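Because the structure is a prediction, the values reported are computed rather than measured.
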Amino acid sequence: MAKVKTNSSAKKRFKLTGTGKIARKSAFKSHILTKKTTKQKRNLTQTAYVHEADMGNVKRMLCIGK
């Protein structure tokens with residue numbers, strides 16, 4: 001049986017933390033930044049975590065667990 005391949009785009013976008021959560025980068029921080037406030041841009045810099053509802057799909061793409 002062949003090995004299961006990790007999704008290449010997922011391994012670049014997600015990172016597993018020590019506590020088992022999956023970290024991700026916030027969206028809306030790449031362009032069209034002039035109309036966004038400084039506070040909004042600063043808050044988008046912080047690391048976010050994948051929601052429980054999406055955790056299964058992301059783990060499947062990263063080949064974590066079963």
Engineer: Nearest heavy-atom pair of I22 and V58: which atoms, and what distance?
Structural biologist: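 Closest heavy-atom pair between I22 and V58: CD1-CG1, 3.7 Å.
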Engineer: What do the steps show when you test C63 against R60 for side chain to side chain contact (heavy atoms under 4.5 Å, CB included), and what is the final call?
Structural biologist: CA-CA 5 Å; C63 299; R60 195 174 300 115; over 6 Å; no
Engineer: Using the rule that two of Ile, Leu, Val, Met, Phe, Trp, Tyr join whenever any of their side-chain heavy atoms come within less than 4.5 Å, decide whether L44 and L33 are in one cluster.
Structural biologist: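 Different clusters: L44 never reaches L33 through Ile, Leu, Val, Met, Phe, Trp or Tyr contacts under 4.5 Å.
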Engineer: Can you measure from OG (S30) to NZ (K25) and round to the nearest 0.5 angstrom?
Structural biologist: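 The distance works out to 7.5 Å.
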Engineer: Taking side chain to side chain contact (heavy atoms under 4.5 Å, CB included) as the test, write out the residues that go with T17, two or more places apart.
Structural biologist: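 With neighbours one apart ignored, the set is T19, K21, A23, Y49.
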Engineer: Indicate yes or no for a side-chain donor-acceptor contact from N43 to the backbone of K39 under 3.5 Å, with no hydrogens or angles considered.
Structural biologist: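 Side chain of N43 to backbone of K39: a pair is present.
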Engineer: So which atom in T47 and which in R24 form the shortest heavy-atom distance, rounded to 0.1 Å?
Structural biologist: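 So the minimum-distance heavy-atom pair works out to CG2-O, 3.6 Å.
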Engineer: Roughly how far, to the nearest 0.5 Å, is CZ of R13 from CG of N7?
Structural biologist: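 Here the rounded value is 8.5 Å.
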Engineer: Regarding T45 and K29, do their side chains bring together a donor and an acceptor under 3.5 Å, going by distance alone?
Structural biologist: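 Per modelled atom types, T45 and K29 side chains form a pair under 3.5 Å.
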Engineer: Of all heavy-atom pairs between M61 and A10, which one has the smallest distance, and what is that distance?
Structural biologist: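 Heavy atoms of M61 and A10 come nearest at CB-CB, 3.8 Å.
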Engineer: Checking L16 against I64 for the side chain to side chain contact (heavy atoms under 4.5 Å, CB included) test, could you report, in this order, the C-alpha distance in whole Å, the side-chain angles of both residues, the deciding distance, and whether it holds?
Structural biologist: CA-CA 9 Å; L16 190 66; I64 299 170; 4.2 Å; yes
Engineer: Of all heavy-atom pairs between K41 and K36, which one has the smallest distance, and what is that distance?
Structural biologist: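 Minimum heavy-atom separation between K41 and K36: CE-O, 3.5 Å.
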